[in-house]
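Heads up: the structure comes next, in structure tokens.
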Amino acid sequence: MISVKSLAESPNLTSIPASYTFSNYDPTLLDQNQPEVKIPIIDFSLLTSGNPDLRAKVVTELGEACENWGFFIVTNHGVPESLMNSAMDGCGGFFDMSEEEKLEFKGKHVLDPIRCGTSFNALVDEVLYWRDFLKVLVHPQFHFPKRPSGFSEIALEYSKRVRRVVRGILGGISECLGLEEDCIFKSLNLESGLQAFVANLYPPCPQPELAMGMPPHSDHGLLTLLIQNGISGLQIQHNGKWVNVNAIPNSFLVNICDQLEIFSNGKYKSVVHRAVVNKSATRMSLAIANGPSLETVVGPASQLVESHPPAYIGMKYKDYLELQQSSNLNGKSMLDRVRRL
Ligand SMILES: O=C(O)CCC(=O)C(=O)O
Ligand SMILES: [Fe+2]
């Protein structure tokens, strides 16, 4: 299968091949001027400031963001802007390598440590998505392509710094759920948690109204932290409508994922999101997906099923991942498979 990058670079491309054309694409957007589309912003520095009043305030805001949105923007997180920029540049360098060079990483299985490819789940996609990707497992074991030179070192440092931010956010979320601060970290074995470095490339598309960058989906882990190259394209579903997400410079776009919905016994929902493409600019995003350890059986936290019966069955995270990749999912059907109600 050829990359979208090489397709988009073909001379005089004015229309997209039928294999990329969605006939039932629903672009309905929420009016962005409505007051309800103020995406929550969480100031991370207040979580770690050591001031209990400020922390309590931001924990409350975090709880509201998780409950009402499943999505929020994190500012003042302490990851250097230069490191974020270098990580994005490295992704660009990787996608710029020749098709032959990238062929070495044409993995198939969801747990292959380094995989690059195109579309979403090319084995089952009926229509192809306007997206190339690189997915690397960077924790508990660090893997990474050797080229472009220097990228691996940057990715190692970036992944570590992101884990620190994730730990801080999950500490706040644990408290929002009425649990000890380190409850999620410990019960889901984040010391050996699975972390994936996912770079997405969306080249300019001559007919963006007919193509999709990524289908509506929810992420399988606990929290995904995303940055982008200054070009928007992420949309999240909120109260049944799509909302454009515009990032604040130097911030993380954070979404709640399936394992956190399960662990919270459905109090916090895994947000459905998608990526749209545009005509003029190449968009890149870098998503760091953070999950439990592969061997952890994730079910609703025992403390949360005293007042509400468990709404999900427990499943080993590894089994959840493999099942999800093996089927063609529309939206959230993998979560439906573990939902009891
Ligand atoms: O590119 C984006 O904004 C979305 C990426 C995404 O949803 C993912 O990698 O799971
Ligand atoms: Fe995603």
Side-chain angles (χ1 to χ4, degrees), residues 3-5 8 27 29 39 69-74 84 87-88 91-92 94-95 107 110 114-122 125 128-138 155 158-159 162 166 194-205 208 211-238 242-249 251-261 269-278 281-291 320-321 324-325 329-335:
S3 66
V4 190
K5 182 168 187 289
L29 274 183
I39 294 176
W69 285 84
F71 188 89
F72 45 93
I73 297 175
V74 170
M84 298 170 87
M88 264 330 319
C91 299
F94 181 86
F95 289 121
V110 59
I114 307 180
R115 270 190 307 151
C116 72
T118 193
S119 195
F120 187 62
N121 188 350
D125 292 337
L128 296 174
Y129 295 91
W130 199 264
R131 168 224 190 195
D132 294 332
F133 66 83
L134 165 69
K135 293 189 188 187
V136 192
L137 302 183
V138 289
Y158 184 67
S159 315
V162 166
V166 168
L194 188 74
Q195 191 183 35
F197 182 107
V198 182
N200 301 302
L201 176 82
Y202 309 95
C205 175
M212 285 279 289
M214 216 185 280
H217 68 282
S218 63
D219 296 344
H220 47 66
L222 289 164
L223 283 182
T224 300
L225 271 62
L226 183 131
I227 59 173
Q228 58 189 16
N229 66 336
I231 309 289
S232 300
L234 176 64
Q235 297 184 334
I236 58 173
Q237 208 162 54
H238 179 63
W242 290 104
V243 177
N244 283 323
V245 177
N246 296 310
I248 299 172
S251 67
F252 286 113
L253 305 173
V254 181
N255 60 282
I256 301 264
C257 313
D258 297 356
Q259 305 307 305
L260 194 49
E261 172 170 334
K269 298 287 189 293
S270 181
V271 71
V272 174
H273 54 286
R274 67 183 184 185
V276 296
V277 293
N278 76 81
T282 294
R283 173 165 188 259
M284 273 194 298
S285 67
L286 170 56
I288 304 292
N290 303 275
Y320 189 96
L321 266 177
Q324 181 177 52
Q325 294 291 310
L329 295 168
N330 293 314
K332 301 179 57 162
S333 55
M334 189 54 213
L335 265 179

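Hydrogens, waters and symmetry mates play no part in the numbers below; they use all other heavy atoms, side chains included. Whatever order the structure lists ligands and atoms in, that order sets their numbers, starting from 1.
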Donor-acceptor contact below 3.5 Å, side chain Gln324 vs main chain His220: no
Sub-4.0 Å atoms of ligand 1 with respect to non-hydrogen atoms of Leu226: 2 (C), 3 (O), 4 (C), 5 (C)
Closest protein heavy atom to atom 9 (O) of ligand 1, given as residue, atom name and distance to 0.1 Å: Asn200 ND2, 3.1 Å
Ligand-residue contact atoms, ligand 1 with Tyr202, heavy atoms, under 4.0 Å: 1 (O), 2 (C), 4 (C), 5 (C)
Result of checking Val4, Leu134, Asp132 against Leu201 for side-chain contact (heavy atoms from CB on, under 4.5 Å): Asp132
Nearest heavy atoms of Glu261 and Ile256, plus distance in Å: N-CG2, 4.4 Å
Sub-4.0 Å atoms of ligand 1 with respect to non-hydrogen atoms of His273: 7 (O)
For ligand 1, the portion of Arg274 having any non-hydrogen atom under 4.0 Å away: neither
Residue portion contacting ligand 1 (non-hydrogen atoms closer than 4.0 Å) for Phe133: neither
Part of Asp219 with heavy atoms under 4.0 Å of ligand 1, whether side chain, backbone, both or neither: side chain
Step-by-step side chain to side chain contact (heavy atoms under 4.5 Å, CB included) determination, Phe197 to Cys91: CA-CA 10 Å; Phe197 182 107; Cys91 299; 4.0 Å; yes
Within-shell test, Arg283 vs ligand 1, heavy atom, strictly < 4.0 Å: yes
Stepwise side chain to side chain contact (heavy atoms under 4.5 Å, CB included) test for Val277 and Arg131: CA-CA 9 Å; Val277 293; Arg131 168 224 190 195; over 6 Å; no
Stepwise side chain to side chain contact (heavy atoms under 4.5 Å, CB included) check, Leu253 with Leu234: CA-CA 10 Å; Leu253 305 173; Leu234 176 64; 4.0 Å; yes
side-chain hydrogen bond (donor to acceptor under 3.5 Å, both in side chains), paired with Ser232, selected from Asn246, Asn244, Asn278: Asn246
Evaluation steps, side chain to side chain contact (heavy atoms under 4.5 Å, CB included), between Met284 and Leu286: CA-CA 7 Å; Met284 273 194 298; Leu286 170 56; over 6 Å; no
Which of the ligand 1 atoms, numbered from 1, are nearer than 4.0 Å to a heavy atom of Ala287: 9 (O)
Under-4.0 Å heavy-atom contact with ligand 1, by part of Leu253 that carries it: neither
Heteroatom distance test (Ser285, ligand 1): nitrogen or oxygen, under 3.5 angstrom: yes
Passing candidate, side-chain contact (heavy atoms from CB on, under 4.5 Å) with Cys257, options Asn290, Thr224, Leu222: Thr224
Per-residue contact class, Gln228 against ligand 1 - non-hydrogen pairs under 4.0 Å: neither
OD1 (Asp219) to the Fe ion (ligand 2) to NE2 (His273) angle, given to the nearest 10 degrees: 90°
Atoms of ligand 1 close to Met214 [distance to a heavy atom under 4.0 angstrom, numbered from 1]: 5 (C), 6 (C), 7 (O), 8 (C), 9 (O)
